[in-house]
2 protein chains.
Amino acid sequence: MSHAAQRPAGPAVRGGGRPTLEAVAALAGVGRGTVSRVINGSPRVSDRAREAVEQAIAELGYVPNRAARTLVTSRTDSIALVIPETETRLSSEPFFNDIIRGVSAELADTDMQLLLILVRTDKERDRLATYLAAHRVDGVLMVSVHEDDPIPGLLERIDMPSVLVGRRSELEPLSYVDADNAGGARMAVRHLLRRGCTRIATVTGPLDMEPARARLAGYRKALEEAGLGGDEDLVGRADFTESGGREAMRGLLGRRPDLDAVFCASDVMAAGALQVLREAGRRVPEDVAVIGFDDSIIARHTDPPLTSVRQPIEEMGRTMARLLLEEVSEEGRARRQVVLATELVVRASA
Amino acid sequence: MSHAAQRPAGPAVRGGGRPTLEAVAALAGVGRGTVSRVINGSPRVSDRAREAVEQAIAELGYVPNRAARTLVTSRTDSIALVIPETETRLSSEPFFNDIIRGVSAELADTDMQLLLILVRTDKERDRLATYLAAHRVDGVLMVSVHEDDPIPGLLERIDMPSVLVGRRSELEPLSYVDADNAGGARMAVRHLLRRGCTRIATVTGPLDMEPARARLAGYRKALEEAGLGGDEDLVGRADFTESGGREAMRGLLGRRPDLDAVFCASDVMAAGALQVLREAGRRVPEDVAVIGFDDSIIARHTDPPLTSVRQPIEEMGRTMARLLLEEVSEEGRARRQVVLATELVVRASA
DNA sequence: CTAGTGTGTGGGAGCGCTCCCACGAGGCAT
DNA sequence: ATGCCTCGTGGGAGCGCTCCCACACACTAG
């Protein structure tokens with residue numbers, strides 16, 4: 001026995017000495033197959049064997065080696081959250097945070113890993129394409145898709161389970177979760193109409209993004225229903241940024257100095273609009289009522305606090321994750337599309 | 001040859017038919033070893049072989065199988081960004097976004113994957129501990145550490161390369177990247193002193209967090225240097241939240257109605273303080289000057305816009321990632337500690 | 001001539017798991 | 001008794017890579 005002690009570090013010590021399936025099997029007095037069955041929840045295991053294995057696992061602190069499992073199953077047990085970030089939106093809007101929270105919450109008691117991939121440049125986009133084509137994730141969650149983004153098309157082609165937040169167009173073939181943008185916008189404009197406003201302008205987001213289009217459509221629909229539609233001078237185009245909101249507001253005031261309300265397709269743009277209105281000497285909401293969209297943190301801090309359309313962002317994140325998990329686990333994948341209701345949060349600005 | 005066509009799907013089709021090392025080797029007319037050497041940039045390859053391999057890789061669209069590599073090297077080529085999220089900070093502050101951006105930017109031309117792990121509950125914390133102990137990532141980036149958080153201690157024990165943003169205490173043993181919180185606070189208070197303020201209060205963050213302590217220390221230091229230190233009535237404790245800021249401000253006004261300035265350890269708390277000051281009929285900055293910390297998006301939208309101490313958050317993210325990559329790749333790991341300068345952004349509130 | 005040194009290469013072994021085949025034990029009908 | 005299920009089980013094969021040993025070949029030195 002004594003010579004065993006002087007034997008140099010044997011094979012058992014390799015790799016930090018973390019226990020393997022085989023070690024568990026040995027301790028439990030069963031074969032590798034049985035341990036594997038216990039871990040993967042197969043019903044074909046006797047109670048006696050199961051208990052022995054579970055105890056051995058606890059005793060050794062065994063954790064399965066993910067790479068080994070991936071190698072044989074070619075499942076990776078991880079999904080990617082892809083955020084194209086050509087705009088600076090990520091830093092200014094809590095949107096992504098809430099999505100991340102929702103997704104993460106839904107994944108919490110799965111053993112799915114969440115990979116975060118920001119895409120800034122075309123070079124990074126190419127890398128991502130290679131990455132996805134190599135099937136290094138089981139599924140993809142994608143945020144803030146522009147209509148001309150090539151990634152969703154790629155996802156379709158390589159048959160990668162994926163869920164978008166927001167659709168690219170009205171007939172999005174991929175699964176998606178979206179807020180009822182049109183409905184929210186319509187609700188906001190109706191609120192302005194009830195207040196007695198009649199010359200209601202809008203500041204839109206970039207119209208190559210479906211949410212921006214849908215919000216514009218909701219705005220138009222509400223006005224048409226009230227018999228007030230058709231005045232294109234009341235539509236100011238912007239890009240979801242604060243400075244864009246400022247410029248669009250200046251344009252609107254130039255074209256239609258008599259406007260009495262503005263529906264902005266984002267809070268950030270509404271904040272810009274408020275600045276311009278103040279500079280122009282208009283009181284909010286007495287002269288011009290203002291409504292934003294997103295109900296983000298800045299809505300509570302503008303002067304006056306902003307009435308805004310709230311989207312259930314965290315729930316959208318949770319739903320995305322849920323849909324993706326279903327799509328990943330199922331054989332015959334049905335694409336799913338979910339639209340969640342929005343809600344008007346009334347504050348002082350309208 | 002004709003019978004080959006009716007052979008059922010053979011082994012070559014398995015796993016979606018993605019090409020393997022072996023396929024590349026066959027096409028290039030070399031052995032597996034040589035292909036592996038080319039991929040891993042070994043110098044011991046002839047130019048002829050290298051070219052043949054590179055062409056074969058391009059032709060087949062070969063991408064190495066990460067799991068297979070991980071299995072043998074026990075490197076995972078991925079790092080985790082851990083965000084404890086007991087507070088609601090994640091949703092309200094762009095801090096995390098900017099950190100994420102910085103980290104992601106630094107990782108962009110590495111082939112490191114970024115795993116995002118939010119920790120809400122103790123159960124999730126335990127899962128994380130198991131996860132980390134199983135060495136499923138090469139390194140850990142950790143944000144927003146409370147002094148009593150058990151995770152950093154675990155990281156130390158299992159000798160996991162890791163970098164914190166912000167230290168737990170003055171003698172943090174792990175690597176970290178921090179902003180010069182004390183310096184920034186001192187700068188802010190000096191600015192108030194230069195304005196002629198003499199009864200300068202502060203609203204602190206939770207004092208179990210080092211940044212909160214450091215900002216308080218900077219505040220005290222500036223006052224001492226001006227011979228104005230020692231008045232504990234001027235210190236209001238809060239917790240980095242808006243409502244906390246409101247309550248602390250009320251307390252301060254109650255104790256010291258004559259105060260003429262407040263340095264708040266976060267913008268969110270400053271926003272709360274501003275509300276209370278307005279309700280109390282104090283003008284900002286004429287009666288009471290206010291300075292925040294973080295220069296977050298809300299600083300630009302409060303009324304009046306908030307003078308605030310800016311931290312280079314995105315750069316902190318980049319630096320964290322860089323330090324971690326060094327720590328992961330090096331053998332003898334030296335812990336590194338970097339403190340980045342802060343900057344005062346002057347707006348209307350002080 | 002032999003011995004020695006180095007450089008590029010091929011391929012065996014093996015990482016830790018899952019999949020699947022084969023096998024023994026027990027139950028039930030014939 | 002024999003046949004034929006089913007159920008639980010053990011363990012071989014193999015996933016795609018890296019590591020490393022052995023070997024061929026080309027030199028240079030003795």
Side-chain angles (χ1 to χ4, degrees), chain A residues 9-53 56-57 60-77 111 134-136 138, chain B residues 9-53 56-57 60-77 111 134-136 138:
Chain A
V13 184
R14 266 287 306 249
R18 271 177 289 284
T20 68
L21 240 205
E22 199 111 29
V24 174
L27 181 60
V30 299
R32 258 176 20 256
T34 301
V35 178
S36 179
R37 270 171 291 240
V38 170
I39 288 169
N40 295 293
S42 158
R44 308 227 156 291
V45 183
S46 68
D47 291 348
R48 220 178 61 74
R50 184 184 312 279
E51 272 166 40
V53 169
I57 287 175
L60 293 172
Y62 170 75
V63 181
N65 181 319
R66 226 185 174 88
R69 179 180 290 173
T70 295
L71 186 56
V72 38
T73 59
S74 61
R75 273 183 298 111
T76 62
D77 288 326
D111 64 346
H135 280 261
R136 289 226 276 243
D138 293 347
Chain B
V13 183
R14 267 286 305 250
R18 270 178 290 283
T20 69
L21 240 205
E22 199 110 29
V24 174
L27 181 59
V30 299
R32 258 176 21 255
T34 301
V35 178
S36 179
R37 266 166 286 217
V38 169
I39 288 168
N40 294 293
S42 159
R44 307 227 155 292
V45 184
S46 67
D47 290 348
R48 221 178 62 73
R50 184 185 312 279
E51 272 166 41
V53 168
I57 287 175
L60 293 172
Y62 171 73
V63 181
N65 182 318
R66 228 188 173 86
R69 179 181 290 172
T70 295
L71 185 56
V72 37
T73 60
S74 62
R75 273 182 298 112
T76 62
D77 289 325
D111 65 346
H135 279 261
R136 288 226 277 242
D138 293 345

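The figures that follow rest on heavy atoms only: side chains count, while hydrogens, waters and symmetry mates do not. In what follows, chains are A, B, ... by sequence order, proteins preceding strands, each numbered from 1.
Whole-Å rounding puts the Arg50(A) CZ to dC7(D) P distance at 15 Å. Rounded to whole angstrom, the span from the CD1 atom of Ile39(A) across to the P atom of dC19(C) amounts to 12 Å. dT9(C) atom P lies 11 Å from atom CZ of Arg44(B), rounded to whole Å. Per the geometry, CZ belonging to Arg75(A) stands 8 Å off P belonging to dT18(C), to the nearest Å. Atom CD in Glu22(B) sits roughly 14 Å away from atom C1' in dA13(C) (whole-Å rounding). Taking atom CG of Asn65(B) as the reference point, atom P of dC17(C) lies 16 Å away to the nearest angstrom. Following rounding to the nearest Å, Leu21(B) (CG) and dC17(D) (C1') show an atom-to-atom distance of 6 Å. Separating the CZ atom of Arg18(B) from the P atom of dC17(D) is a distance of 11 Å, rounded to the nearest angstrom.
Close to dG10(D), at under 4.0 Å from its OP1 or OP2, lies a side-chain N or O of Thr34(A). For the OP1/OP2 pair of dG10(C) and a distance below 4.0 Å, the side-chain nitrogens and oxygens of Arg32(B) include no atom meeting the criterion.
Across all strands shown, Ala49(A) has heavy atoms under 4.0 Å from sugar-phosphate atoms exclusively, and none from any base. At the heavy-atom level, Arg66(A) lies nowhere under 4.0 Å from the strands shown.
Judged purely by atom type and a 3.5 angstrom limit, Arg66(A) uses its side chain to pair as donor or acceptor with the backbone of Asp77(A). Here the side chain of Ser36(B) pairs no donor or acceptor atom with the backbone of Arg32(B) at under 3.5 angstrom.
Toward the 5′ end of DNA chain D lies the nearest nucleotide of Leu71(B), the other residue of the pair Leu71(B) and Arg37(B) mapping further downstream.
Just one residue in the list Val35(A), Val53(A), Thr34(A), Asn40(A) forms a side-chain contact (heavy atoms from CB on, under 4.5 Å) with Val45(A), and that residue is Thr34(A).
You'll find that the side chain of Thr73(A) is closest to dC19(C), out of dC19(C), dC17(C), dT18(D).
Rotation axes derived from the C1' atoms of the five outermost pairs at either end of the helix from dC1(C)-dG30(D) to dT30(C)-dA1(D) lie 60° apart, to the nearest 10°.
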